[in-house]
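Below is one structure, written out as C-alpha cells, with a few remarks after it.
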Amino acid sequence: MSIKSETGKRGEDLACEYMKKLGFKILYRNYRSGHLETDIICENERYIVFAEVKTRTDFGRATRFGSARSSVDARKKRCIIECAREYIYKNKPSKKPRIDVIEVYLDERGELLAQKGIRHIKNAVTT
C-alpha cells in the first residue's frame with residue numbers, strides 16, 4: 001500500500017471513530033456504485049450522511065496543498081452528489097440525506113494534530 005493510500009485509510013478510520021462518537025452508525029465504507037464512490041455512509045436517528053474524507057499531513061509546517069476541503073472541487077462534488085442520489089434511489093432511506101466533508105489532519109506519526117485534528121463541515125456539498 002502506498003503512503004498516500006495508507007494516509008487516506010488512516011484518515012477514514014479516524015473519521016469513522018469520530019462519527020461513531022457523535023452517535024452515527026457506519027453503514028458503508030468506500031461505497032461504490034459503478035465508477036462512483038463515497039468514503040463513508042452513516043446514519044443517526046435523523047440523517048443519512050454521505051461523507052467525503054480528506055486527509056492531510058502536516059509535518060510541523062504549513063500544509064502544502066491547502067485545506068483538505070479545498071480539494072473537493074466542482075467535479076468531485078458532482079460525483080459525490082451522483083453517488084448519493086444512486087444510493088438513495090436503490091435503498092430508499094427514510095432519513096434526511098446530507099453530504100458532509102470531514103477534514104483530518106495528521107502529524108508525522110499518523111496521529112491527529114492537536115490544533116487541527118478533525119474538522120467536520122456539515123452540508124458542505126449541496127445540489
Side-chain angles (χ1 to χ4, degrees):
M1 191 181 292
S2 72
I3 291 173
K4 183 177 177 183
S5 59
E6 286 178 25
T7 299
K9 182 178 181 324
R10 175 72 175 139
E12 288 178 12
D13 291 344
L14 291 167
C16 283
E17 288 175 25
Y18 168 81
M19 293 302 282
K20 286 177 185 176
K21 286 179 184 174
L22 293 179
F24 284 86
K25 176 183 175 190
I26 307 301
L27 302 176
Y28 294 97
R29 286 186 63 174
N30 302 311
Y31 174 84
R32 290 195 163 281
S33 180
H35 68 284
L36 303 168
E37 183 198 10
T38 297
D39 293 330
I40 299 170
I41 300 176
C42 57
E43 67 180 4
N44 66 9
E45 57 283 337
R46 186 171 179 193
Y47 293 102
I48 183 161
V49 173
F50 302 86
E52 178 68 16
V53 179
K54 292 297 180 184
T55 306
R56 293 287 183 268
T57 54
D58 187 338
F59 304 123
R61 60 188 182 280
T63 305
R64 293 184 341 194
F65 300 107
S67 73
R69 177 183 3 177
S70 67
S71 66
V72 182
D73 60 13
R75 183 188 147 289
K76 184 64 178 172
K77 286 178 184 177
R78 284 191 304 273
C79 289
I80 296 166
I81 290 167
E82 186 60 31
C83 190
R85 283 183 178 152
E86 287 190 28
Y87 179 90
I88 291 166
Y89 176 77
K90 290 177 185 174
N91 297 282
K92 312 280 190 272
S94 61
K95 298 174 182 173
K96 185 175 180 178
R98 189 176 80 199
I99 300 174
D100 297 355
V101 172
I102 301 173
E103 299 177 325
V104 180
Y105 293 92
L106 304 175
D107 65 16
E108 66 276 359
R109 297 179 323 274
E111 299 300 320
L112 287 173
L113 282 173
Q115 289 80 21
K116 292 183 180 178
I118 292 180
R119 293 186 180 166
H120 183 186
I121 301 98
K122 298 175 184 174
N123 288 313
V125 178
T126 57
T127 55

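Predicted model only: the values in this text are computed from it and were never measured.
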Would you say that [X] contacts [Y] through its side chain, given a criterion of any heavy-atom pair below 4.5 Å between the two side chains?
X	Y	result
Asn123	Ile99	no
Leu22	Asn44	no
Leu27	Ile48	yes
Leu106	Leu14	yes

Measuring from atom [atom1] of [X] to atom [atom2] of [Y], what distance do you get when rounded to the nearest 0.5 angstrom?
X	Y	atom1	atom2	answer
Asp100	Phe50	CG	CZ	10.5 Å
Arg119	Arg56	CZ	CZ	12.5 Å
Asn30	Ile41	CG	CD1	10.0 Å
Asn91	Tyr28	CG	OH	5.5 Å
Glu12	Glu17	CD	CD	12.5 Å
Lys25	Met19	NZ	CE	14.5 Å

Exercise. Got more than 12 heavy atoms from elsewhere within 6.0 Å of NZ, Lys21?
Worked result: no
Using every non-hydrogen atom in the two residues, find where [X] and [Y] come nearest and quote the distance to one decimal.
X	Y	answer
Ala51	Ile102	CB-CD1, 4.0 Å
Ala124	Val101	CB-CG2, 3.6 Å
Lys76	Glu37	NZ-O, 4.5 Å
Thr38	Cys83	OG1-SG, 3.1 Å
Gly11	Thr55	CA-OG1, 3.2 Å
Cys79	Leu36	O-CD2, 3.9 Å

For this session: Step by step, work out the side chain to side chain contact (heavy atoms under 4.5 Å, CB included) result for Glu52 and Ile121.
Result: CA-CA 10 Å; Glu52 178 68 16; Ile121 301 98; over 6 Å; no
Exercise. What residues form a salt bridge (charged side-chain N to carboxylate O under 4.0 Å, His left out) with Lys95, not counting sequence neighbours?
Worked result: Glu43
For this session: Go through the steps for Glu111 and Arg10 under the test salt bridge (Lys or Arg N to Asp or Glu O under 4.0 Å), then give the verdict.
Result: CA-CA 9 Å; Glu111 299 300 320; Arg10 175 72 175 139; 3.5 Å; yes
Exercise. Between the main-chain N or O of Arg109 and the side-chain N or O of Asp107, is there a donor-acceptor pair closer than 3.5 Å?
Worked result: yes
Problem set entry | Face-on cation placement of Lys90 at Tyr87 ring, 6.0 Å and 45° thresholds | no
